[in-house]
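Below you'll find the structure, written out as structure tokens, and then a few comments.
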Amino acid sequence: MSAHKRTLIGGVLIGGTGREHWIRWLAVSSEHRRFGVGRMLVKTAISFIPANSSIYVDSFVEGSIGADAANRLYESCGFAPTEVWQIDDLIRQRYVRPPCVYV
């Protein structure tokens, strides 16, 4: 066992096919927030998705804990809010990043 402490800073999961892809999950550990880790993860995820694809993400709805920071992050990465959806008690704001036209 190494004497070095290993810490998971954050992670992102992406999925999709064809011209529709999703950021399925994004998390940054609380002690590493506000250092650009989330932006780096989103930008890295985008780089793995074909440029002619729409990218969707479901985020926190306005007024939820963490909504302001998460939604600012997505908007700063080129995502725009679309519909708000609800299933049972789960309410989310959907964001979309349209295909890059400069391919």
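Since the model is a prediction, treat every value here as computed from it, not as a measurement.
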**Item:** Selection residues 36-56 - residue pairs positive for salt bridge (charged side-chain N to carboxylate O under 4.0 Å, His left out), sequence neighbours left out
**Value:** none
**Message:** Within a 6.0 Å radius of atom CD on E75, are there more than 12 heavy atoms belonging to other residues, nucleotides or ligands?
**Reply:** yes
**Message:** Counting neighbours of CD1 on I65 that are heavy atoms of other residues, nucleotides or ligands and sit closer than 6.0 Å, is the number greater than 12?
**Reply:** no
Non-hydrogen atoms of [X] and [Y] that approach each other most closely:
{"X": "I46", "Y": "C77", "result": "CD1-O, 4.0 Å"}
{"X": "V61", "Y": "A67", "result": "O-CB, 3.3 Å"}
{"X": "N52", "Y": "R19", "result": "O-NE, 2.8 Å"}
{"X": "S59", "Y": "N71", "result": "OG-OD1, 2.7 Å"}
{"X": "G78", "Y": "R97", "result": "O-CG, 3.6 Å"}
{"X": "V12", "Y": "A45", "result": "CG2-CB, 4.2 Å"}

**Candidate list F79, W22, Y95, test side chain to side chain contact (heavy atoms under 4.5 Å, CB included), partner I55, passing option** = F79
Side-chain heavy-atom pair [X], [Y] within 4.5 angstrom cut-off:
{"X": "L26", "Y": "V57", "value": "no"}
{"X": "S53", "Y": "P99", "value": "no"}
{"X": "S64", "Y": "Q93", "value": "no"}

Please determine whether residues [X] and [Y] belong to a single hydrophobic cluster, defined as Ile, Leu, Val, Met, Phe, Trp and Tyr linked transitively by side-chain heavy-atom distances below 4.5 Å.
{"X": "Y74", "Y": "M40", "result": "yes"}
{"X": "I9", "Y": "I14", "result": "yes"}
{"X": "L41", "Y": "F48", "result": "yes"}

**Prompt:** Looking at CZ of R92 and CZ of F60, how far apart are the two atoms once the value is rounded to the nearest 0.5 Å?
**Reply:** 5.5 Å
**Item:** Reported CD1-to-CD1 distance for the pair I23 and I49, which is rounded to 0.5 angstrom
**Value:** 6.0 Å
**Message:** R94: which residues meet the salt bridge (charged side-chain N to carboxylate O under 4.0 Å, His left out) condition with it, sequence neighbours left out?
**Reply:** D58, E83
**Message:** Can a donor-acceptor pair be found, under 3.5 Å and without considering hydrogens, that links the side chain of E31 to the backbone of R33?
**Reply:** no
